[in-house]
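Remember, it's a predicted structure, so these values are computed and weren't measured experimentally. Chain identifiers are assigned alphabetically (A, B, ...) following the order of the sequence lines, protein sequences preceding nucleic acid strands; residue numbering begins at 1 within each chain.
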Amino acid sequence: MSAPSLAPYILKRPWLAKWFQPLANWYCNAAGYRQLGLKADDLIPEENDTVQLALKRLPPKEAYDRVFRLRRAFQCSVSHQLLPKAEWIKPEEDTPYLSVVIKEIEAEMKEREDLESMIVQKRNQNAKGH
Amino acid sequence: MFSRTTACRGAQRAARQQAVRPAQRRGLAAPASGSFQYQSGEANGVKFASRDFAGPTTTLALVSKAGTRYQPLPGLTEGVMNYAFRSTDRRSTLRIIRESELLGAELNPYHTRENLVLETKFLRDDLPYFVELLAEVASSTKYSPHVYHEEVLPLIHFAHKRFLANPLDMAINSAHSLAFHRGLGTPTASASTTPYTKYLEPSTIEWFSKVAYAKPNFAIVANGAEHSDLSKWVNEFFDDVPATAPENTAGTEQTKYYGGEERIAHDSANAMVIAFPGSSSFTGKFYKPEIAVLGSLLGGQSSIKWSSGFSLLGNAKASPGTKVKTTSAIYSDAGLLYTTITGAAENVAKTAYTTVEILKKIAGGDIAKEDIAKAKANAKFKELEYGQDVKAGLLLTGDGLVSNSQAYQIDEVAKAIDGVTDEAVKSAAKSLLENKASVSAVGDLFALPYAEDLGLKV
């Protein structure tokens, strides 16, 4: 589900991150999802098994909040309005809550695939005896 | 003087043997130890015991004092058991499973009334890997909520279903709870869904795991491992395990016998359990070898094919299709001698009457000397065979180490049984009838008798 991204590359270099920070802030604001009361993780397409499983694994409170945010955003969208400014999601509230779980699940699946395609070799000490 | 070549060849051979089979120094020609004795020790605050059976495989177990008896909330033992060998801080569930499969090993966590056992079986050379694995399970299992919902809870639910479908299991558990109420009487699987829907949560399971895997509460027992090796690896890997347990007083008080009667209606089959206070394990304080002999004497199951056997109940049961078995269940500080009867309702009822009659006969001394001699031999054989059985040996030894800091020495148990007199068996039977019994009937309640009808005190 995760698309290729330059973000880790940039974040690793503080000087580069400092350059890009204003641009990133502008972009997030221009994207407009915070004005609808959404977090970035609410925008992840959920029509696949990985994200469905991740959604199942969310703690009840987070799952409830997510549905609340989505419905509120939907209402706003239907009525062609933005939320009052006080209710916008602030940048510090815009934390990843779902992508962490998704990464875990992807790591699990990758591990499974790695183990599945593993080539078994005899241990050296045992191989010597034969 | 011997020639140089001979001396060299001998040295070479010795060196080669050392290199190739360091773990099996005891060859075929050397006398194998005929003893069941476990060598016990302590490393890094962890109690461990081992016996070095010559053979290519090892059975290693972590025996923890965390059976259903010690759980402060229902279902916790099952929770901890089902979390065993799942994701830890270092490895995922899948990796643990695949690695063990590659090493050709078996992982088997199970629990009894008093103990939680994580058992592993593997090839001798892999000892360090599995000691490390057990240490990892004990110290760094992740008790994540999603694992609980996706993997642990379904297993607990299956255990509950299986329990409900088995009248004999229900009867035995019911007899235990009549006899001991809380503590030892706690059922090993839940009879309703309430325990795990109401009380069980990953965080409480994690808390109980801290109790189960604290150094004073578990022991490592190995069968087929060298004592020095085991000592070394235990010393190396068990650093991160908590040294003290959070306080848990559930089940620690001396077990008291109550007795009583319970009748449960069940559609699928009939089971009746008639139970009496029994003997504690050999390492406990209330060890009575005559109970084991009495159990064999009552018996019910033949050890010889095409014969009903010598046991009194085996001969007296109402029909060949009726299954009767007498078990002397031993726990660290109490025991239960119980006869289970299963089969058609009428036959179960008849056999239950017979059981009490026979007990009265034994108490009255109306019993052949020969039968007692047979029962003694049978009890001794069973005990020794049980000791030879790796699984039981591990469990008893671990339990002995944790509960009474003494390993279970099977040779001495056999000696104790040898010393039982006819008088002791008779007086044991008499005291059983004078005390309150625990009687549990599951199945067709119209046909199954009440304890009062059988002539027992409840």
Using a 6.0 Å cut-off, check whether atom [atom1] of [X] has over 12 heavy atoms from anything other than its own residue.
X        : atom1 : answer
A:Arg13  : CZ    : yes
B:Phe163 : CZ    : yes
A:Tyr64  : OH    : no
A:Leu6   : CG    : no

Practice prompt. Under 4.5 Å heavy-atom distance to chain A, tell me which part of B:Leu103 shows up: side chain, backbone, both or neither.
Written response: side chain
Discussion item. The criterion is side chain to side chain donor-acceptor pair (under 3.5 Å); which residues satisfy it with B:Asn223, sequence neighbours excluded?
Written reply: B:Tyr38, B:Arg51
Worksheet entry | Toward chain A: residues of residues 78-98 of chain B with heavy atoms under 4.5 Å | B:Ser92, B:Leu94, B:Arg95, B:Arg98
Worksheet item: What residues of residues 146-156 of chain B sit under 4.5 Å from chain A when only non-hydrogen atoms are counted?
Response: B:His146, B:Glu150
Fill in: Residues of residues 72-97 of chain A near chain B, each having a heavy atom less than 4.5 Å away
none
Worksheet item: For A:Glu116, is it the side chain, the backbone, both, or neither that has a heavy atom closer than 4.5 Å to a heavy atom of chain B?
Response: both
